[in-house]
Amino acid sequence: MTTTTKTNTRSTKEVAALKKKVAHQAETMATLLTRMSAMTDEMSSLKREVQSFKKNVAADVKYLTDRVDG
């Protein structure tokens with residue numbers, strides 16, 4: 001083999017390895033983006049639930065205060 005052939009073979013292997021790595025990273029990114037989206041949806045849902053809980057507790061406290069005072 002000549003030096004050029006060895007270099008081309010090595011370069012071809014390196015390019016193939018890099019392509020494989022990039023494909024794996026793209027797959028990982030897609031997975032992470034999906035998880036982030038799900039977490040964002042869950043956070044929004046939790047915020048709504050906490051707000052509802054606060055309103056319910058406030059209503060209960062008001063009811064109890066009115067019953068004790070009234």
Side-chain angles (χ1 to χ4, degrees):
M1 271 189 187
T2 64
T3 304
T4 305
T5 306
K6 287 181 184 178
T7 303
N8 286 342
T9 302
R10 192 175 90 202
S11 294
T12 302
K13 288 179 182 179
E14 288 174 350
V15 168
L18 288 173
K19 284 182 178 181
K20 185 176 180 180
K21 189 172 192 174
V22 167
H24 177 70
Q25 288 174 343
E27 197 175 301
T28 302
M29 287 289 291
T31 301
L32 290 172
L33 289 171
T34 300
R35 287 182 183 173
M36 285 175 57
S37 178
M39 289 174 70
T40 300
D41 293 344
E42 190 172 332
M43 282 179 56
S44 295
S45 176
L46 287 170
K47 284 180 181 179
R48 283 191 301 276
E49 288 177 18
V50 167
Q51 284 302 108
S52 177
F53 178 74
K54 285 180 179 180
K55 287 179 184 176
N56 291 339
V57 169
D60 289 346
V61 169
K62 183 178 180 341
Y63 170 77
L64 292 171
T65 303
D66 290 346
R67 292 282 295 194
V68 169
D69 291 343

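The analysis underlying the following values was restricted to heavy atoms, covering all of them including side chains, and did not include hydrogens, waters or symmetry mates.
When each of Asp41, Thr34, Thr40 is checked for a side-chain contact (heavy atoms from CB on, under 4.5 Å) with Ser37, only Asp41 meets the rule.
Rounding to the nearest 0.5 Å gives a distance of 10.0 Å between NZ of Lys62 and CG of Asp69. Within the model, atoms CG of Leu32 and CD of Gln25 stand 11.0 Å from one another, a figure rounded to the nearest 0.5 Å. Rounded to the nearest 0.5 angstrom, Met39 CE and Glu42 CD are separated by 7.5 Å.
Between His24 and Lys20 the shortest side-chain heavy-atom distance does not fall below 4.5 Å.
Within a 6.0 Å radius of CD in Glu14, more than 12 heavy atoms belonging to other residues, nucleotides or ligands are found.
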